[in-house]
Structures are given as C-alpha cells and as structure tokens.
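Below is one structure, written out as structure tokens; the observations come after it.
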Amino acid sequence: MASSVGPVVVREVWISNFEYELNLFRQCLYQFSIISFDTEFPGTIFTTSTPVFKLSPSQRYSLMKKNVDSLKLIQLGLTLSDVHGNLPTLGTESRYVWQFNFCDFDPECDPHDLKSIAFLKKRGIDFVKNRVMGIDSRTFALKMNAYVLGPRSGFTWVTFHGIYDYGYLIKILTGKQLPCTYDGFRMLVHTYFGFLNYDSKAMAKELRLYGGLEKIAKTLNLDRVAGESHQAGSDSLLTMHIFLKLRKQFFPIPLHLFQELRMKLSPLPLPLPLPLPG
C-alpha cells in the first residue's frame with residue numbers, strides 16, 4: 001500500500017466523495033506517520049508598515065489573527081508519507097495525495113485580496129465549482145476531530161512557512177475566531193496537532209537556504225511531480241519532498257541531538273521539543 005515510485009495523482013475531494021475519500025485517508029494513517037499540509041486562502045487584507053521580520057512573535061500573531069479571522073479557507077492539501085518517502089498507493093501503480101475543496105468562500109461577497117483571487121483563478125481554482133460542489137468546513141472539522149487529530153495521535157505534521165496554515169485549520173476545527181493571545185494559540189496547536197511539528201522553510205533557513213517553496217525545491221533539485229503550484233494538494237506534496245530531503249541529507253544526526261534544534265524547526269516557537277521520527 002506504499003511506494004516511492006509510480007506517478008503521483010492528486011485526489012480531488014468534494015462533498016459528493018468526501019466520506020469515501022476520508023475513509024481512504026483514514027485507512028492510510030495506520031501506515032503513514034508524517035502528514036504535510038498546505039492551505040489556499042484569499043490572500044491577506046491586513047498589512048503593517050513595519051517589516052514583518054521586525055515584529056515580535058506576539059505582533060506577528062496578531063497580524064495573522066486579524067487576517068484569518070476575517071477570511072475563509074479555500075483549499076487544504078494533505079500528503080501522507082512514511083519516514084522513507086513512500087506515499088499511499090491504495091493498491092494501484094500510482095501514488096496519491098489529497099486536495100479538499102471548500103464551499104465557504106464566495107468571492108462575490110466575502111472579503112479577499114483581488115490580486116490573490118485573480119492569481120488563484122489562473123492557477124486553476126474554480127470558485128464557482130467550489131461554491132456548488134465544495135465541502136462545508138464544519139463537516140470537515142467534525143470528521144477530522146473524530147478520526148485524525150489529537151496530541152496523542154503520534155503523527156508528525158509538516159508545513160512550509162506554516163503559521164497561516166495552522167491558523168486556518170485551528171479556525172475551522174474550533175469553529176471560532178483564533179484566541180486573543182499567542183500563548184492561547186500555541187496551546188490549541190498542541191491540542192490538535194501534538195508536539196511533532198516541523199517547518200520545512202525553517203529547516204532550510206538553518207542551512208542558509210532562503211526563498212519560497214519553488215526556490216527551495218529548485219535549490220534541492222526537486223521537481224513538482226503532480227498538480228500545479230499554488231494548489232494545495234501539489235504544494236503539500238512539494239513541502240513533504242523538501243522536508244524529507246532536508247532530513248535525510250542535512251539532518252542525519254542522532255535523534256537525541258535534535259532536542260534543541262527542534263525548537264527552531266517549528267512553524268512557531270513551541271515548548272517541549274521532540275525529535276523527528278525514525
């Protein structure tokens with residue numbers, strides 16, 4: 001049920017096949033312990049005159065909270081892998097990742113950044129189709145809370161510059177606006193995603209590799225093997241490939257030495273650092 005060869009297919013998930021696809025995804029969780037994820041959302045509508053890197057963690061969180069509280073999730077991509085880079089095959093010759101399409105966002109009436117929406121349209125996102133055929137985020141949250149999430153789930157969660165990704169998932173999983181404080185948000189990340197959280201961008205930065213997802217992948221000689229950039233399923237897969245290559249080639253150190261380094265590899269500073277699996 002696992003393979004590192006064969007074509008990769010992005011499995012599109014809509015309300016019509018949501019139960020079926022989620023059941024397949026759940027079955028794969030017994031074999032695959034690493035989950036990378038990516039979100040697509042309507043850009044950002046709140047900015048700051050101060051460069052983001054000069055903001056304190058609390059200030060950066062406040063900026064993220066204002067945007068996430070005001071906007072709605074469009075897509076979520078999920079990629080499953082084992083520590084050797086094998087992906088689910090579902091008994092076929094192909095390998096699979098998942099892309100969940102949500103119906104919540106309506107560009108006709110919901111806040112958004114115009115340039116971001118135009119860009120996502122060019123990348124193939126059909127907002128009319130999402131409204132008609134997409135998944136209600138409340139339905140998604142109910143199922144994910146029941147079957148996947150929790151601090152004792154044992155999964156490793158991977159993002160690329162992922163604080164917004166965590167923000168949108170926390171928002172739909174709780175059905176509420178994000179906590180007022182940064183510490184409150186960190187506690188919810190622990191509650192839903194445990195303590196094994198890694199950020200591929202932070203890992204690359206430790207090696208003085210800078211840039212966005214595409215640039216880091218190119219530096220590492222990694223190709224996009226399925227889907228389009230800025231679609232969540234494809235981006236979650238590339239995020240996984242970056243993470244696995246960095247881990248294998250640049251962080252092949254004994255696990256106990258990962259204790260301190262782990263703090264730097266999280267999408268946000270989290271206490272109780274834990275090592276990578278495997």
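Only heavy atoms go into these numbers, but all of them, side chains included; no hydrogens, no water, no symmetry mates.
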Side-chain ([X]) to main-chain ([Y]) donor-acceptor, under 3.5 angstrom:
X	Y	answer
N17	E21	no
Q249	L246	no
S36	T159	no
K171	K176	no
N145	A141	yes
S70	N67	no
R95	G6	yes
N23	E19	no
S236	G233	yes

Identify the heavy atoms of [X] and [Y] that sit nearest to each other, and give their distance.
X	Y	answer
S58	Y182	OG-CB, 4.2 Å
Y61	C180	CE2-O, 4.0 Å
L71	G43	CD1-O, 3.2 Å
C28	L90	SG-CD2, 3.6 Å
D126	K129	OD1-N, 3.0 Å

Quiz item: Please walk me through it: do K115 and D113 pass salt bridge (Lys or Arg N to Asp or Glu O under 4.0 Å)?
Solution: CA-CA 6 Å; K115 291 182 179 180; D113 175 69; over 6 Å; no

Reported [atom1]-to-[atom2] distance for the pair [X] and [Y], which is rounded to 0.5 angstrom:
X	Y	atom1	atom2	value
E214	I242	CD	CD1	8.5 Å
T50	R60	OG1	CZ	12.5 Å
L196	I34	CG	CD1	10.0 Å
M203	K245	CE	NZ	13.0 Å
L244	S200	CG	OG	8.0 Å
S81	H241	OG	NE2	7.5 Å

Begin from the C-alpha positions of I74 and F102 and carry the test side-chain contact (heavy atoms from CB on, under 4.5 Å) through to its verdict. CA-CA 5 Å; I74 297 170; F102 295 99; over 6 Å; no

Practice task
Assess the side chains of Y20 and S16: does a donor N or O sit below 3.5 Å from an acceptor N or O?
Solution key: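 Not at all, the side chains of Y20 and S16 share no donor-acceptor pair under 3.5 Å.
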
Can you confirm whether the side chains of T39 and D165 place a donor and an acceptor under 3.5 Å from each other?
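Side chains of T39 and D165: pair found under 3.5 Å.
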
Next on the checklist: Which residue is it: L76, L22, L24, L237? I am looking for the one with a side-chain contact (heavy atoms from CB on, under 4.5 Å) to W98.
Outcome noted: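 So the option named by the test is L24.
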
**Request:** With side-chain contact (heavy atoms from CB on, under 4.5 Å) as the test, would you mind laying out the steps for L178 and I170 before giving the verdict?
**Result:** CA-CA 7 Å; L178 296 182; I170 291 294; 3.8 Å; yes

task = Please assess R224 against D235 for the test salt bridge (Lys or Arg N to Asp or Glu O under 4.0 Å), listing each intermediate value before the final yes or no.
result = CA-CA 8 Å; R224 185 180 294 273; D235 282 359; 2.8 Å; yes

Is there a chain of hydrophobic side chains (I, L, V, M, F, W, Y, each step under 4.5 Å between heavy atoms) that links [X] to [Y]?
X	Y	answer
F41	L114	no
I172	I125	no
I135	F105	no
Y210	F243	no
L142	L173	no

- prompt: Yes or no on side chain to side chain donor-acceptor pair (under 3.5 Å) for D104 and S137, after CA distance, side-chain angles and deciding distance?
  reply: CA-CA 7 Å; D104 305 54; S137 62; 2.6 Å; yes

Considering only heavy atoms from C-beta outward, does the side chain of [X] approach that of [Y] to under 4.5 Å?
X	Y	result
Q75	Q231	yes
L80	L78	no
V8	Y96	no
P42	S116	no
R186	D183	yes
K54	Q59	no
P179	L188	yes
K65	F185	no

Next on the checklist: For a side-chain contact (heavy atoms from CB on, under 4.5 Å) check, start with the C-alpha distance between N101 and E12, then their side-chain angles and the critical distance, and finish with the verdict.
Outcome noted: CA-CA 7 Å; N101 299 280; E12 295 278 2; 2.9 Å; yes

Which of these passes ring-ring contact (aromatic ring centres under 6.0 Å, His included) with F140: Y168, F100, F25, W14?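 Of Y168, F100, F25, W14, ring-ring contact (aromatic ring centres under 6.0 Å, His included) with F140 is met by F100 alone.
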
task: Taking the six-membered ring for Trp and the full ring for Phe, Tyr or His, determine whether the centres of Y166 and F37 are under 6.0 Å apart.
output: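 So the answer is yes for these two rings.
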
message: Before you tell me yes or no, could you show the steps for E40 and R123 under salt bridge (Lys or Arg N to Asp or Glu O under 4.0 Å), namely the whole-Å CA-CA distance, both residues' side-chain angles and the distance that decides it to 0.1 Å?
response: CA-CA 11 Å; E40 296 299 333; R123 288 300 177 180; over 6 Å; no

Exercise. Going through the distances and angles, do E108 and R131 end up as a salt bridge (Lys or Arg N to Asp or Glu O under 4.0 Å)?
Worked result: CA-CA 11 Å; E108 296 298 322; R131 286 291 294 164; over 6 Å; no

Less than 4.0 angstrom from a charged side-chain N to a carboxylate O is my criterion; do D199 and K201 meet it?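 No.
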
Take L238 and D223 through the test side-chain contact (heavy atoms from CB on, under 4.5 Å) and record every step on the way to the result. CA-CA 8 Å; L238 195 56; D223 295 322; over 6 Å; no

